[in-house]
Amino acid sequence: MEKKIITSALPYSYSIPHLGNFVGSILPADVYFKYSMMNGDDAIFISGSDQHGTPIELKAIEEKKDPENLSNEIHAEIKDLFERFGCTFTYYGKTHTDYNKEVVYSVFDALYKKGYIIEIEGEQAYCNIDKRFLLDRFIEGKCPHCGGRARGDQCDDCGKLLEPTQIIDPICNLCKRKEIVFKHVKNLAVDLAKLQPKIKAFIEKNSKNNWSKNAVNKSLSYIDEGLKPREITRNIKWGFPVPKKGFEDMVFYVWFDAFLGYIGITKEWDSERWKDYWLDSKARLIQVMGKDNIEFHTLMWPGVLIGSEMGFILPYTIKASEYLTSKTIKFSKSRGVGLNLKSAIEILEPDYWRFVLMYLYPETADSEFSAELLEEIVNTVMNDKVGNFVQRVLKIFASNRASVGEKMQLDDDTRKKAEAIIFSYKTNFEKMNLREALHSAVELASLGNSILSTKEPWLLVRKGDQASLKEFSETISSLIVLVHHLSLLLWPFVPTSSMEALSYFGIFHEPDFKLLEADVSVVKELDPRPIFRKMGKEEIARLEQFSGK
RNA sequence: AGCGAGGUAGGGUAGCCUGGAGUGCCCGCCGGGCUCAUAACCCGGAGAACGGUGGUUCAAAUCCACCCCUCGCUACCA
């Protein structure tokens, strides 16, 4: 039994996450959390809404709302969707809370006292019309290199990186006017250069714990280049005000309070028990995210934790996935036209999405999603291979119950094969190979299907002689146990369907691996219904409305 | 432009660290079997000079160099 904190990158409470966002962080974290529960680990699963930052402030201005109310509304909607998708968080919180504020202030204070906070001066664009400082991407103008359209820190036409001050005739993208001036500003920053040796030591030690290759090499490469101080303050209104003289008009940079939100949200969950996890050096912090998020979690976040010297545990595993992409389906969050969680749930039940997304989980390389792939996996893998196997075994059992002995057990040969598959399932989970773990579970169904074809139990029962009936009984008994085990292994991935299947075995509570050793029995009144069905033409057609072009 | 990851049968993946006959898996395709089950399942087969070029080696998908393509990051998107 291990103590684990499992976190998923915090979704930004700005719009409904799309499938790529979901499979990149929340879903794999939830699957791994469910596995840990089955394993009997002392695990908590923490995530929540990242609420601060410029986009939400601007959206609030646009919609004439208070940013806190706006982000709370979106937070509630996102949280509800995740729960409908079967995610069982220990706590899904928010970053804009007094709990988190307390964490942010105390960590900042500690960093300041240890001398890890420095001031950085620079030029920043300011719009005289909007009366606000502008992010790079809100500045548009002519590229000094090619004369093309330059936006923010890059030219759209020649692709060259720019300093915003180099852009010719800059226009504010908010009001479309040319009233941009560059002001001299001071920001506070964490002195990562000073923390570098400690961060390096942390990476070298912990990156052995199943970090994705991407995360390890990326981080080491940054270290080789030399870390620079990283700003933690911003000139906007929405956020936690900086509690330091001369900086009262600024707020903490959204990223600073977002990753500290992992701690703040745990505190929001339980104002005492959070310490049992975050301050216990034996607890493992397992963090799941997309590849765009790596440096924040491997450099700045541990840097801040180390620098605070407050005894927080550091990330043990960094699980950074690649991207789910699609040439044919639009995922875009903008304009609300893409296939997001809200539209997905209207097309198919959550278990189908969970299964397909984890089957395609982009673990080592970007993975392509399409309507055809979705249909193929649902129809051939989930339905034909897994669902149909469960159904045929339960049916044949139900109609010949009298010929099957009371005690359900695996025959020796099947036991060996099943144990090997279960072993690889567990090993894959331990190595954080979540997609392969699902493939292992599916293998159990393949094993069962192959036994059915070899033994042909329907012939045995028809023959009706002593020897045949004995073999029939042993075969079905074995297969029933296999269905039971398969249902257990599927639970992290398709909890609703798994529970349906487990109900035939009289199991109505969240399962754990001890059930693999327990006696298997089938409920008296057995009327099995297929746990999965195929996708129909209408469902596929509904998906097509999200195809691009 | 720099840095990181990926490029393996028609599609998708594992193998690469620690070199040893292209070895595996899923879908599709072809042939056969089965009829318990949701027209499902099982068995067999065809199909890959492992992105390209060069190098190291008795031996390279695997190690080295350079190049091409895709994705991500480049510190003010979150």
Side-chain angles (χ1 to χ4, degrees), chain A residues 9-14 21 50 52-56 120 122 124-125 133-139 152-154 158-161 164 185 187 189 192 212-222 224-225 227-231 234-236 253-255 258 290-296 299-300 320 322-323 325 359-360 362-368 370 372-373 376-377 379-381 383-385 387-397 399-400 433 435-436 439-440 442-443 445-446 448-462 476 479 528-534:
Chain A
L10 305 184
Y12 196 50
S13 59
Y14 182 81
N21 303 138
D50 176 12
H52 294 146
T54 305
I56 287 172
I120 288 195
Q124 195 180 0
F133 286 95
L134 299 173
L135 293 178
D136 286 354
R137 65 192 171 113
F138 292 132
I139 307 165
D153 54 3
Q154 191 163 29
C158 66
K160 281 206 175 104
L161 293 178
V185 293
N187 271 296
L192 291 183
S212 37
K213 205 168 171 181
N214 205 340
V216 182
N217 292 343
K218 186 89 186 273
S219 310
L220 290 174
S221 141
Y222 268 98
D224 281 348
E225 285 169 34
L227 297 179
K228 298 185 224 162
R230 180 102 187 188
E231 293 177 11
R234 284 291 174 271
N235 256 312
I236 63 172
Y253 179 35
V254 55
W255 255 105
K291 62 176 162 184
D292 53 331
N293 243 303
I294 292 172
E295 311 89 276
F296 285 100
L299 303 171
M300 188 172 180
E322 301 287 316
Y323 278 178
T325 59
Y359 203 82
L360 295 173
E363 229 147 13
T364 51
D366 288 351
S367 157
E368 176 73 10
S370 66
E372 292 74 27
L373 224 41
E376 176 191 306
I377 295 167
N379 289 356
T380 66
V381 184
N383 181 76
D384 294 353
K385 185 169 284 186
N388 183 44
F389 167 65
V390 172
Q391 181 68 2
R392 62 197 297 212
V393 170
L394 291 176
K395 273 269 190 181
I396 202 170
F397 173 81
S399 35
N400 300 281
N433 293 332
R435 182 185 51 197
E436 288 307 311
H439 286 254
S440 297
V442 171
E443 250 185 86
S446 291
N449 278 323
S450 144
I451 291 170
L452 275 162
S453 280
T454 316
K455 299 274 187 177
E456 301 186 303
W458 50 91
L459 293 184
L460 295 171
V461 76
R462 208 178 298 159
I476 298 304
L479 288 168
R529 309 262 280 300
I531 56 169
F532 300 126
R533 61 181 168 76
K534 290 204 185 207

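Residue numbers begin at 1 in each chain, while the letters A, B, ... track the order of the sequences. These figures come from a predicted structure and were not determined experimentally.
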Donor/acceptor link under 3.5 angstrom from Asp366(A) side chain onto base of U70(B): no

Sugar-phosphate only, base, or nothing, as touched by Glu456(A) at under 4.0 Å among non-hydrogen atoms: sugar-phosphate

Distance flag, aromatic centroids of His439(A) and Tyr359(A), threshold under 6.0 Å: yes

Minimum side-chain heavy-atom gap Ile236(A)-His52(A) below 4.5 Å: no

C1'-based separation of C71(B) from C17(B) [nearest Å]: 23 Å

Arg533(A) or Thr325(A), whichever maps to the more 5' nucleotide of RNA chain B: Arg533(A)

Strand RNA chain B in bracket notation, Watson-Crick/G-U under 3.5 Å with | for pairs to another chain: ((((((((.[[[[[)....(..]]]]].(((((.......))))).....[[[[[..)....]]]]])))))))....

C50(B) and G31(B), which share atom name P, separated by this distance in whole Å: 30 Å

Proximal nucleotide (of C36(B), C76(B), C43(B)) relative to the Trp458(A) side chain: C36(B)

Among A78(B), U38(B), U74(B), the nucleotide that comes nearest once only the side chain of Asn383(A) is considered: U38(B)

Minimum-distance nucleotide to Glu436(A) side chain [options: A14(B), G28(B), C26(B)]: A14(B)

Separation of atom CG in Leu459(A) from atom C1' in C42(B), rounded to whole Å: 13 Å

Sugar-phosphate only, base, or nothing, as touched by Gly122(A) at under 4.0 Å among non-hydrogen atoms: nothing

Side chains of Tyr12(A) and Ile56(A) in contact at under 4.5 Å (non-hydrogen atoms): yes

Separation between the P atoms of A14(B) and U35(B), rounded to whole Å: 39 Å

Arg234(A) vs C76(B): side-chain N/O to OP1/OP2 distance below 4.0 Å: yes

Side-chain N,O (Arg462(A)) to OP1/OP2 (C36(B)) below 4.0 Å: yes

Side-chain heavy-atom pair Leu299(A), Leu227(A) within 4.5 angstrom cut-off: yes

Sugar-phosphate, base or nothing in reach of Asp384(A), heavy atoms under 4.0 Å: sugar-phosphate

Of the listed nucleotides C27(B), A5(B), C3(B), the one nearest the side chain of Lys385(A): C27(B)

Heavy-atom side-chain contact between Trp255(A) and Asp50(A) under 4.5 Å: no

Among U38(B), C36(B), C27(B), the one nearest Leu452(A) by side-chain distance: C36(B)

Distance (rounded to the nearest 0.5 Å) between Trp458(A) CH2 and Leu452(A) CG: 5.5 Å

Polar side-chain contact Glu443(A)-C25(B) base: donor and acceptor under 3.5 Å: no

Thr454(A) or Gln391(A), whichever maps to the more 5' nucleotide of RNA chain B: Gln391(A)

N or O in side chain of Thr364(A) less than 4.0 angstrom from A5(B) OP1/OP2: no

Contact under 4.0 Å: Ser367(A) side-chain N or O vs G12(B) OP1/OP2: no

Gap in Å between the two P atoms, one belonging to G44(B) and one to A37(B), rounded: 25 Å

Sub-4.5 Å side-chain heavy-atom contact between Lys385(A) and Asn449(A): yes

Minimum-distance nucleotide (side-chain atoms of Asn449(A) versus A14(B), C42(B), A78(B)): C42(B)

Nearest-Å distance once atom C1' is located in both G22(B) and A60(B): 12 Å

Between C43(B) and A5(B) - P atom distance, rounded Å: 39 Å

Contact check, side chains of Thr54(A) and Phe138(A), non-hydrogen atoms, under 4.5 Å: yes

C1' gap between A78(B) and U53(B), integer Å: 41 Å

Salt-bridge criterion met for Glu231(A) and Arg234(A) (N-O under 4.0 Å): yes

N or O in side chain of Arg529(A) less than 4.0 angstrom from U38(B) OP1/OP2: no

Atom-to-atom span, NZ of Lys218(A) to C1' of G2(B) - whole angstrom: 12 Å

Nearest to side-chain heavy atoms of Val254(A), which nucleotide of A78(B), A14(B), A75(B): A78(B)

Closest to side chain of Asp292(A), choosing from G72(B), G6(B), A14(B): G72(B)

Options C76(B), A37(B), A14(B), nucleotide nearest the side-chain atoms of Tyr253(A): C76(B)

Touch class at under 4.0 angstrom, heavy-atom based, for Pro55(A) against every strand present: sugar-phosphate

Shortest side-chain distance from Ser453(A), nucleotide among C76(B), C42(B), C73(B): C42(B)

Separation between the C1' atoms of C41(B) and C27(B), rounded to whole Å: 16 Å

Sugar-phosphate, base or nothing in reach of Phe133(A), heavy atoms under 4.0 Å: nothing

Pairwise side-chain contact, Lys395(A) with Pro528(A), heavy-atom cut-off 4.5 Å (strictly under): yes

